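The chains referred to below are lettered A, B, ... by the order of the sequence lines, with proteins before strands, and numbering in each begins at 1. Please read all numbers here as calculations on a predicted model, not as lab measurements.
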There are 2 protein chains.
Amino acid sequence: MSRKQVTLADLAQELGISTATVSRALKDYPDISPATKKRVLELANKLNYRPNSIAAGLRKRESKIIGVIIPSIVNHFFSSVIKGIMQVAYEAGYKVMLCQTDESFEKEVADTRAMFDSRVDGLLVSLAHETDSFDHFKPFFESNVPVVFFDKVPPTLDDVSRVVVDDYKGAFLAVEHMIQQGCKKIAHFRGPQSAYTSRNRNQGYIDAIKKHGLPLDDSLLYDCAHITIEEGQSFAKEVLAQHPDCDGIFTITDAVGLGAMIALKEMGYRIPKDVALVGFSDWEISKVVDPPLSSVSQPSLQMGRQAASILLEEIIATRDEVDYANKNVMLDTKLQIRASSLSKELAV
Amino acid sequence: MSRKQVTLADLAQELGISTATVSRALKDYPDISPATKKRVLELANKLNYRPNSIAAGLRKRESKIIGVIIPSIVNHFFSSVIKGIMQVAYEAGYKVMLCQTDESFEKEVADTRAMFDSRVDGLLVSLAHETDSFDHFKPFFESNVPVVFFDKVPPTLDDVSRVVVDDYKGAFLAVEHMIQQGCKKIAHFRGPQSAYTSRNRNQGYIDAIKKHGLPLDDSLLYDCAHITIEEGQSFAKEVLAQHPDCDGIFTITDAVGLGAMIALKEMGYRIPKDVALVGFSDWEISKVVDPPLSSVSQPSLQMGRQAASILLEEIIATRDEVDYANKNVMLDTKLQIRASSLSKELAV
DNA sequence: AAGCATAACGTAATCGTTTTCGTATATGTT
DNA sequence: AACATATACGAAAACGATTACGTTATGCTT
């Protein structure tokens, strides 16, 4: 059996009044008598009437849906961002439509198109790795549908809102902290330099080294292609073979940091006495490994909430035909200092 | 400025033909001349025409959206399930609308209602912890909108499809394995017994103990309320204080198992020589900790794909007005045997 | 009593597509 | 020549809710 549904017309017919009156009664308009409202409400409850938001959406030209496009969902950072987005959306009465690009440009284009066809009221995007052209967002711009980028944002696009994390500062403070704790030769297991965030963290590392007069040495930079635990393990072995006097490692993310920790312990190095270790992203597991891993925490939930709030403001502004200025928000990271990088003298 | 959009009528007027012809030309209907098709296609491209799927949805009475309701998204298991769902949905041309209940019954009810109002073509649900009544799904049943439950499924509802993991068997095989490796006294750090899955794992533990003639001892059962690393740590200390001869621990999930591992090492126990350890869920980190943690892996991606596939089949069947039988799928777990539980005699 | 305001509802257009019937012209058949 | 068959398109009615305009009946003012 196929679908059947209760409509305004059903209620109207049953009550012998017009659909207009039923609609207004349900919306509690002032020019409907209390008696009629009561009758409508009761019948609606009895028949389990539920408004068809597709029909309402067509008429009102809004879907009450916001689209979210992310590279990957199986990822603590992104899933937290989505949680933040969904919180804000729910509070404002919006639903969330989700797509995952798997870092593929083509999928991103297809997803963007699908979102537009669904007439989402606004779009939240974190770009795929491969993405370096932005024409697929043009339909949104031309139709005045707000788009807010977060985390991985387009470098060239000018008139859009963005929410990012201050990767540079996070990395800078992490490395500076390591130097202050006595590190003299710090390696950096960095991410792919095609990625915006990875570049910023790399630059933070470099500037901290420079500021404190330590020598810059490119052979202390190791490129993680996949950002895995395994890469952390192998690079840890590599760096200490090439640089036996390396006494600190700063990693692009905790996965790599944890891998390095495992390898260092296997090789018999003491952390932080022989080699200090600082990661990025502050995974849940990091605070309970042995020793607890210092890490730069990113406000992922906050990022989702901020991005969604900005988007909703822009949606409202667009609907009410008022101008708005694009926002560029940079969220602060926080260095979580733990035993893996604590003062070498004090450490056991 | 508000929204403006290109419609079929715009194309029709520009070309001096009817909207019906334009619509059919775009859908490549056979009774439209190649010349007209070409003209339409070209203008559509030029004006960047994109069909309004809200309007189409209203007319065709389908949204091409499937709703997904889960307790939590910041969770490796659930985010993997969602990934699986999105893969299948994308291949079939469906979009995904997502809600998170945060384990709250009231939120689940509100989300279910929102999904229905959005006229999703089908619904995928993993129930909230608190949920023990199912009336909120009635509108779906009454309107013949397919619903498929996964992971946390309703015990009482009869005529719905379900996809679950064989927790019982997974736990049974894990504990049996520990016994075969020489464990004589195995503790179980179990989950809240209000949860279906936790109960099944608990029963698997009990039956394996029984089958192999080991004594059952309720004081070896520890109740994790929050399923955290910290609980694993504190219970590990507790159990070895109360039962110095405990030589194996099976935990409700890897978080707890990893916590136990940390505490055991701190206290100077060797793993697995003194105490063997097996977790559940097979976290990514588990294969690289020291020693690698044995764990029961759940096919999370597979679960998402299966649930989505079944839902799509039911959507098609409903649309074509053919009957379908509800499915009950139980997915197999797989015991990943690693050093943390390997034969005590062989272990170092 | 004429005029006006107000309360409470109805009519009908509208949103953008899809789809069911047509219809007109051209072509082929006998 | 009469008829059937294709071909290529159009008119108009859906889909269900919203809303700009009416409209009617009643009460109130002066």
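- Here A:Ser23 reaches the OP1 or OP2 of D:dT18: one of its side-chain N or O atoms lies under 4.0 Å away.
- One atom, CG of B:Leu26, and another, C1' of C:dG16, lie 13 Å apart when rounded to the nearest Å.
- Just one residue in the list B:Leu127, B:Thr197, B:Val81, B:Val164 forms a side chain to side chain contact (heavy atoms under 4.5 Å, CB included) with B:Asp151, and that residue is B:Thr197.
- Residue-to-nucleotide proximity on DNA chain D shows that, of B:Ala55 and B:Ile17, the 5′-proximal contact is made by B:Ile17.
- With rounding to whole Å, A:Tyr29 atom OH is found 15 Å from C:dC9 atom P.
- Between A:Leu11 atom CG and D:dA17 atom C1' the separation is 12 Å, expressed in whole Å.
- For the pair B:Lys60 and D:dC15, the criterion of a side-chain N or O lying under 4.0 Å from OP1 or OP2 is not met.
- Across the protein-nucleic acid pair, B:Ile32 atom CD1 and D:dT7 atom C1' stand 10 Å apart, rounded to whole Å.
- Relative to the ring axis of A:Tyr90, A:Lys95 does not place its NZ or CZ within 45° and under 6.0 Å from the centre.
- Comparing D:dT19, C:dG16, C:dT19 by their nearest atom to the side chain of B:Ala20 picks out C:dT19.
- To the nearest angstrom, P of C:dT17 lies 7 Å from CD of B:Gln5.
- A:His136 and A:Phe105 have their aromatic ring centers within a separation under 6.0 angstrom.
- Salt-bridge formation is detected for the pair A:Arg50/B:Asp117: a Lys NZ or Arg NE/NH1/NH2 atom is positioned less than 4.0 Å from an Asp or Glu carboxylate oxygen.
- As judged by a 4.0 angstrom heavy-atom cut-off over every strand, A:Ser18 is placed among the base-contacting residues.
- For A:Thr19, no side-chain nitrogen or oxygen approaches OP1 or OP2 of D:dA17 to under 4.0 Å.
- B:Ser33 has a side-chain polar atom (N or O) that falls below the 4.0 Å cut-off from OP1 or OP2 of D:dC9.
- Within the 4.0 angstrom heavy-atom criterion, base atoms lie near A:Asp31.
- In this structure, the CZ atom of A:Arg59 is 16 Å from the P atom of C:dA12, given to the nearest Å.
- Among the atoms of the strands shown, only primed sugar atoms or phosphate atoms (P, OP1, OP2) are found under 4.0 Å from some heavy atom of B:Thr36.
- Summary of the strand contacts: B:Tyr49 and B:Arg24 both lie near DNA chain C, and taking for each the nucleotide with the nearest heavy atom, the more 5' one is attributed to B:Tyr49.
- Following rounding to the nearest Å, B:Arg61 (CZ) and C:dT19 (P) show an atom-to-atom distance of 13 Å.
- Going from atom CD of B:Glu62 over to atom P of C:dT18 covers 10 Å, rounded to whole Å.
- Side-chain contact check for B:Ser161 versus B:Phe150: every heavy-atom pair is 4.5 Å or farther apart.
- Counting non-hydrogen atoms under 4.0 angstrom, B:Leu8 reaches a base of the nucleic acid.
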